[in-house]
2 protein chains.
Amino acid sequence: MRLTSFTDFGLRMLMRMAGDPSRAFSSAELAADLGLSRNHLAKIIQHLARAGLIDTWRGGGGGAMLARSAAEIRLGQIIRLLEEGQPLVECFGTEGGTCSIEARCRLKTRLRSAEAAFLADLDRSTLADIALAPQEKSAGTLVVPQ
Amino acid sequence: MRLTSFTDFGLRMLMRMAGDPSRAFSSAELAADLGLSRNHLAKIIQHLARAGLIDTWRGGGGGAMLARSAAEIRLGQIIRLLEEGQPLVECFGTEGGTCSIEARCRLKTRLRSAEAAFLADLDRSTLADIALAPQEKSAGTLVVPQ
DNA sequence: TGGAATGGGTATTTACAATACCTATTAGCA
DNA sequence: TGCTAATAGGTATTGTAAATACCCATTCCA
């Protein structure tokens with residue numbers, strides 16, 4: 001049982017944006033922040049933008065920003081979106097007609113139910129619950145820039 | 001969100017064995033039945049045998065057979081076993097120490113909870129519930145062997 | 001109008017699931 | 001009690017798709 005790194009990275013990006021929802025993040029900044037390639041991140045941003053979860057602006061001072069309040073975005077919704085087209089088992093896919101036991105298979109129902117339970121559990125939380133607060137300097141310790 | 005075909009095939013094999021629990025299935029028979037390569041299936045059989053879910057015998061007339069009643073084997077247990085070493089996200093793996101937000105990450109808890117919900121839902125059913133009855137000839141129709 | 005940012009297509013790499021091959025082991029039988 | 005047939009089980013190879021890199025068009029701001 002595995003989520004793609006596409007989803008993994010997408011979630012971390014959103015967590016970061018949710019931690020500072022009033023400003024736009026450039027893909028370069030997010031990439032540096034998370035230690036990932038800008039190009040790869042850009043793909044994820046596009047996907048999220050197309051789905052209306054974030055807004056993006058080109059040009060100088062552009063970037064990406066949550067389109068809605070983080071408290072209104074449920075985690076299940078995010079995962080559903082990022083894992084789009086990733087069937088739990090092959091026969092759940094668009095061309096999964098190769099199963100020899102199709103008609104007699106009582107497994108599919110159980111798997112769908114379990115998948116739903118997974119997402120329902122995630123839907124109990126919102127993006128606001130996992131927002132990543134801006135890096136905090138440890139209190140009481142003076143940080144001396146070198 | 002995806003299960004490996006290793007798991008997929010393993011489940012179908014077990015469904016088949018549960019449908020006729022009193023006899024041993026050779027890997028060749030199961031492979032032919034499910035339309036898969038014998039070698040691949042053998043790997044799965046080995047894994048299940050090592051975990052004590054099935055018993056195997058070598059030599060002429062050998063094969064594999066459920067070690068316990070199908071009603072005692074919960075689906076979650078099977079999936080946990082077959083998906084062993086397949087972390088939901090990279091940082092759940094054995095060497096997932098590369099995450100830059102480790103300490104501040106509030107996502108992990110939610111994912112673990114959702115994963116548990118997934119398995120718990122499956123645990124509501126047993127292998128007996130999805131046993132694959134031996135291929136049934138349509139009633140009233142005489143099947144003439146060629 | 002130039003620079004900075006995203007959009008989005010294409011090409012490449014790489015990891016690992018899936019498969020094939022080969023050897024060791026076992027049980028039945030002559 | 002050796003011989004044969006069948007399976008278990010290990011190792012090597014292949015294939016596929018995710019992950020990554022690269023490039024250029026487009027857009028907006030200063």
Side-chain angles (χ1 to χ4, degrees), chain A residues 1-13 17 23-32 34-65 67 82-90 93-95 98, chain B residues 1-10 12-13 17 23-32 34-65 67 82-90 93-96 98:
Chain A
M1 184 174 174
R2 173 162 240 183
L3 302 178
T4 62
S5 72
F6 189 88
T7 299
D8 193 4
F9 298 161
L11 278 167
R12 292 197 221 167
M13 262 183 20
M17 290 192 217
R23 72 179 182 90
F25 290 80
S26 78
S27 61
E29 179 186 357
L30 288 168
L34 301 175
L36 303 170
S37 98
R38 195 189 72 81
N39 297 289
H40 195 205
L41 238 64
K43 292 283 161 60
I44 307 175
I45 293 177
Q46 286 170 31
H47 195 79
L48 292 170
R50 248 190 295 255
L53 222 60
I54 60 179
D55 290 324
T56 60
W57 294 271
R58 292 186 175 186
M65 194 176 193
L82 291 168
E83 288 286 309
E84 202 169 66
Q86 195 76 238
L88 187 62
V89 285
E90 198 211 347
T94 45
E95 45 196 291
T98 53
Chain B
M1 184 172 172
R2 172 163 240 184
L3 302 177
T4 62
S5 71
F6 189 89
T7 299
D8 193 5
F9 298 161
R12 292 198 222 167
M13 262 182 20
M17 290 193 216
R23 71 179 183 88
F25 289 79
S26 78
S27 60
E29 179 186 356
L30 288 168
L34 302 175
L36 303 170
S37 99
R38 195 187 73 79
N39 298 288
H40 195 207
L41 237 64
K43 291 285 162 57
I44 308 175
I45 293 177
Q46 287 170 32
H47 196 79
L48 292 170
R50 247 191 295 256
L53 222 61
I54 61 179
D55 290 324
T56 60
W57 294 273
R58 293 186 174 186
M65 193 176 192
L82 291 168
E83 288 287 308
E84 201 169 66
Q86 196 76 236
L88 187 62
V89 285
E90 198 211 348
T94 46
E95 44 197 293
T98 52

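Numbers restart at 1 for each chain; the letters A, B, ... are given by sequence-line order, proteins then strands.
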Phosphate contact (C:dG9 OP1 or OP2) by A:Q46 side-chain N/O below 4.0 Å: no

Distance check needed: D:dA6 P versus B:L30 CG, whole Å only. 17 Å

Take the protein atom CH2 of A:W57 and the nucleotide atom P of C:dG7, then report the distance between them rounded to whole Å. 11 Å

Rounding to a whole Å, what distance do you find between A:H40:NE2 and C:dT6:P? 16 Å

Under 4.0 Å between a side-chain N or O of A:S27 and OP1 or OP2 of C:dT6? yes

Residue met sooner reading DNA chain D from 5', once A:T7 and A:G61 are mapped to nucleotides: A:T7

Just how far is it from atom CD1 of A:I54 to atom CE of A:M17, taken to the nearest 0.5 Å? 4.5 Å

Taking the side chain as every heavy atom from C-beta outward, state whether A:F6 and A:Q86 have any atom pair closer than 4.5 Å. no

Of A:A49 and A:R2, the one whose closest nucleotide on DNA chain C sits nearer the 5' end is A:A49

Nearest 0.5 Å, please: how far is CG in B:L48 from NZ in B:K43? 14.0 Å

Distance from B:I45 atom CD1 to B:R50 atom CZ, nearest 0.5 Å? 12.0 Å

Please determine whether a side-chain nitrogen or oxygen atom of A:S37 lies at a distance below 4.0 Å from atom OP1 or OP2 of D:dA21. yes

Please tell me if A:T56 has a side-chain N or O lying less than 4.0 Å from either OP1 or OP2 of C:dG7. yes

Is there a donor-acceptor pair under 3.5 Å between the side chain of B:T4 and the backbone N or O of B:T7? yes

Tell me the interatomic distance from A:L82, atom CG, to D:dA19, atom C1', rounded to whole angstroms. 15 Å

Is the closest side-chain heavy-atom distance between B:F25 and B:M13 below 4.5 Å? no

Hey, does A:R50 reach any base, or is it just sugar-phosphate, or nothing, if we go heavy atoms under 4.0 Å? sugar-phosphate

Quick check on DNA chain D: between A:R38 and A:R58, whose nearest nucleotide comes earlier from the 5' end? A:R38

Interatomic distance where CG belongs to A:L48 and P belongs to C:dT6 [whole Å]: 14 Å

Atom CG of A:L36 and atom C1' of D:dA21: how far apart are they, to the nearest Å? 14 Å

Sugar-phosphate only, base, or nothing, as touched by A:F9 at under 4.0 Å among non-hydrogen atoms: sugar-phosphate

Side chain of B:T4 - closest among D:dG9, C:dA18, D:dC22: C:dA18

Base, sugar-phosphate alone, or nothing: which one does B:Q86 contact when heavy atoms must sit under 4.0 Å apart? sugar-phosphate

From the list C:dC21, C:dT6, C:dA17, which nucleotide is the closest neighbour of the side chain of A:S26? C:dT6

Nearest whole angstrom, please: distance from the P of C:dG7 to the CG of A:L41. 12 Å

Provide, to the nearest angstrom, the distance between the CG atom belonging to B:L34 and the C1' atom belonging to C:dT19. 16 Å

Please pick, from D:dG9, C:dT10, D:dA18, the nucleotide with the shortest atom-to-atom distance to any side-chain atom of A:K43. C:dT10

Nearest listed nucleotide, side chain of A:F6, among C:dA20, D:dT7, D:dA19: D:dA19

